[in-house]
Amino acid sequence: MYRIVRMDRLAPTITRFAIEAPFIARKRQAGNFVMIRIAAGGERIPLTIADSDAETITLIVQAVGKTTKELCSMKAGDMLLDVVGPLGNPTPIHRHGTVVCIGGGVGTAELYPIAKALRDAGNKVMTIIGGRSRELVILEEEMRACSDHVFITTDDGSYCRKGIVTDPLKEILDSGKTIGAVFAIGPLPMMKAVANVTRPYNVHTLVSLNTIMVDGTGMCGGCRVTVDHQMKFACVDGPEFDAHQVDFDELMMRNRTYVDLERLSDEKHQCKLVAMAEGAAQ
Ligand code: FAD
Ligand code: FES
Ligand code: MG
């Protein structure tokens with residue numbers, strides 16, 4: 001069992017947890033993730049290790065469906081049944097010169113350890129954070145601490161510049177500055193758009209793929225993705241891949257395979273919560 005030591009809300013739908021997991025904390029590197037299971041009978045889901053200290057790992061979770069909503073309703077002191085990791089290949093950290101790190105929504109949490117590692121390796125880090133609205137712009141302070149420049153965009157213009165992350169990216173590329181590499185993590189359409197922007201400039205671009213994962217160890221095939229016309233398993237071959245080689249359209253289609261079942265299971269979960277709340281009120 002793994003104890004939730006601390007938790008705080010970064011946004012109404014985004015929660016940061018410190019989980020007691022010293023063996024994982026000591027081994028993890030930027031880009032690694034864990035598979036967690038809240039309780040017996042529950043599903044396993046992958047979450048990126050956003051940070052760590054000697055005893056705990058930090059997970060930052062957006063409540064989007066049944067399991068993440070259940071997790072985000074837990075409190076400090078509660079226990080998780082399984083936390084398996086560190087999984088996935090660590091991000092290759094090299095000295096590229098100047099790099100651009102792009103995080104969209106909760107993807108900024110997944111990007112944070114990578115930006116930090118790139119800065120520690122001596123790179124100049126230009127960060128672009130995007131969110132649909134102000135409340136979904138997370139970790140601004142943390143990203144500023146490991147970046148040389150930070151650009152922020154919101155789709156609705158409620159904070160900083162109105163627009164999308166590819167707007168400042170295009171300007172940086174057009175300015176003639178030499179960019180050694182681009183790292184982008186966020187929703188699949190965002191990562192696809194970033195790949196389309198950097199392709200004509202021939203800038204090496206890495207994306208971390210949020211495929212559906214079941215075991216996280218290369219056995220089930222659930223995380224299949226086509227990269228450079230070859231089948232890869234994101235959990236053991238990734239989760240990062242060359243953005244210019246990823247078949248994003250196929251991946252977006254695969255990620256929607258279980259949408260109806262996911263909605264159903266989320267609705268059942270909500271009904272259970274309402275019934276519990278009504279029971280407690282009587
Ligand atoms: P559901 O309603 O079941 O699903 C909502 C959507 O999430 C689905 O349509 C599908 O696109 C995706 N999804 C569903 N089940 C899975 C699954 N087993 N594995 C992966 N995706 C799934 N989210 C965070 O908030 N923070 C993170 O740090 C983070 N890191 C991730 C790292 C990796 C390597 C991957 C692959 C995904 C990561 N995710 C992260 C996404 C997170 O795993 C999903 O949001 C979560 O599994 C959704 O579960 P649910 O039951 O709440 O939602
Ligand atoms: Fe099962 Fe990758 S999650 S093979
Ligand atoms: Mg689910």
Side-chain angles (χ1 to χ4, degrees), residues 7 9-19 28 30-39 41-52 57-74 82-91 103-114 131 136 138-139 185-189 191 206-225 227 231-241 246 248 250-270:
M7 54 160 292
R9 289 260 187 261
L10 299 183
T13 56
I14 303 180
T15 307
R16 172 166 51 192
F17 296 95
I19 313 279
R28 73 101 196 177
N32 285 145
F33 63 93
V34 287
M35 294 294 292
I36 70 124
R37 192 159 57 128
I38 297 175
E43 65 175 350
R44 290 186 168 79
I45 61 161
L47 295 168
T48 300
I49 306 172
D51 208 350
S52 64
I57 55 169
T58 302
L59 304 179
I60 298 180
V61 187
Q62 181 163 34
V64 293
K66 180 179 183 291
T67 305
T68 48
K69 284 180 185 171
E70 209 169 310
L71 182 56
C72 290
S73 67
M74 294 176 83
D82 299 327
V83 179
V84 177
L87 299 171
N89 295 298
T91 309
V106 78
T108 306
E110 301 172 46
L111 183 75
Y112 171 59
I114 298 171
L136 293 172
I138 59 166
L139 302 185
I185 310 184
L188 288 172
M191 294 194 282
L206 274 181
V207 285
S208 181
L209 296 182
N210 287 349
T211 60
I212 289 180
M213 292 188 182
V214 181
D215 64 317
T217 59
M219 288 190 285
C220 71
C223 63
R224 269 195 326 277
V225 57
V227 182
M231 187 175 74
K232 298 282 178 191
F233 288 174
C235 65
V236 286
D237 298 321
E240 279 149 27
F241 294 98
V246 172
F248 282 103
E250 180 196 62
L251 179 52
M252 285 192 259
M253 200 177 67
R254 280 184 58 79
N255 267 18
R256 295 190 56 76
T257 310
Y258 305 106
V259 162
D260 291 340
L261 288 170
E262 286 158 0
R263 194 179 307 119
L264 205 65
S265 113
D266 188 24
E267 279 165 11
K268 273 195 200 149
H269 175 63
Q270 298 303 322

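As the structure lists them, so they are numbered: ligands from 1, and atoms in each ligand from 1.
Proximity of E110 to ligand 1, defined as any heavy-atom pair under 4.0 Å, is confined to the side chain (atoms from C-beta onward). For V106, every heavy-atom contact with ligand 1 shorter than 4.0 Å involves the side chain, none the backbone.
Taking distance alone, with nitrogen or oxygen atoms compared against 3.5 Å, N210 stays at or beyond that limit from ligand 1.
Between the side chains of E43 and T67, at least one donor N or O lies within less than 3.5 Å of an accepting N or O.
Closest heavy-atom approach to atom 26 (N) of ligand 1 within the set V61, L71, I60, L188: this belongs to I60. The closest heavy-atom contact to atom 51 (O) of ligand 1, among the options E43, K69, M35, comes from E43. Comparing V64, L251, T13 by heavy-atom distance to atom 48 (C) of ligand 1, the nearest is V64. When T58, I45, T211 are checked for heavy-atom proximity to atom 20 (C) of ligand 1, T211 turns out nearest. If you check each of T211, D215, V236, L87 against atom 3 (S) of ligand 2, the one with the closest non-hydrogen atom is D215.
For R44, the closest heavy-atom approach to ligand 1 falls below 4.0 Å. Ligand 1 has at least one atom lying under 4.0 Å from a heavy atom of L209.
Protein heavy atoms are found less than 4.0 angstrom from atom 32 (C) of ligand 1. Contact annotation for atom 29 (C) of ligand 1: protein present (non-hydrogen atoms, distance under 4.0 Å).
Atom numbering of ligand 1 starts at 1 in the shown order; those under 4.0 Å from a heavy atom of M213 are 17 (C), 18 (N), 19 (N), 20 (C), 34 (C), 36 (C). Below 4.0 Å from some heavy atom of G218 lie the following atoms of ligand 2, by number and element: 4 (S).
Look at C220 and atom 1 (Fe) of ligand 2: an N/O/S atom of the residue is under 2.8 Å from the metal.
As for E43, its N/O/S atom nearest the Mg ion (ligand 3) is the one called OE2.
The SG atom of C223, atom 2 (Fe) of ligand 2 and the SG atom of C235 define an angle of 110° (nearest 10 degrees).
Of the protein's heavy atoms, P46 O, 3.5 Å lies nearest to atom 39 (N) of ligand 1. Among all non-hydrogen protein atoms, the one lying nearest atom 22 (C) of ligand 1 is I212 CG1, 4.0 Å.
The pair K66-E70 meets the salt-bridge criterion, with a side-chain N (NZ, NE, NH1 or NH2) lying under 4.0 Å from an Asp/Glu carboxylate O.
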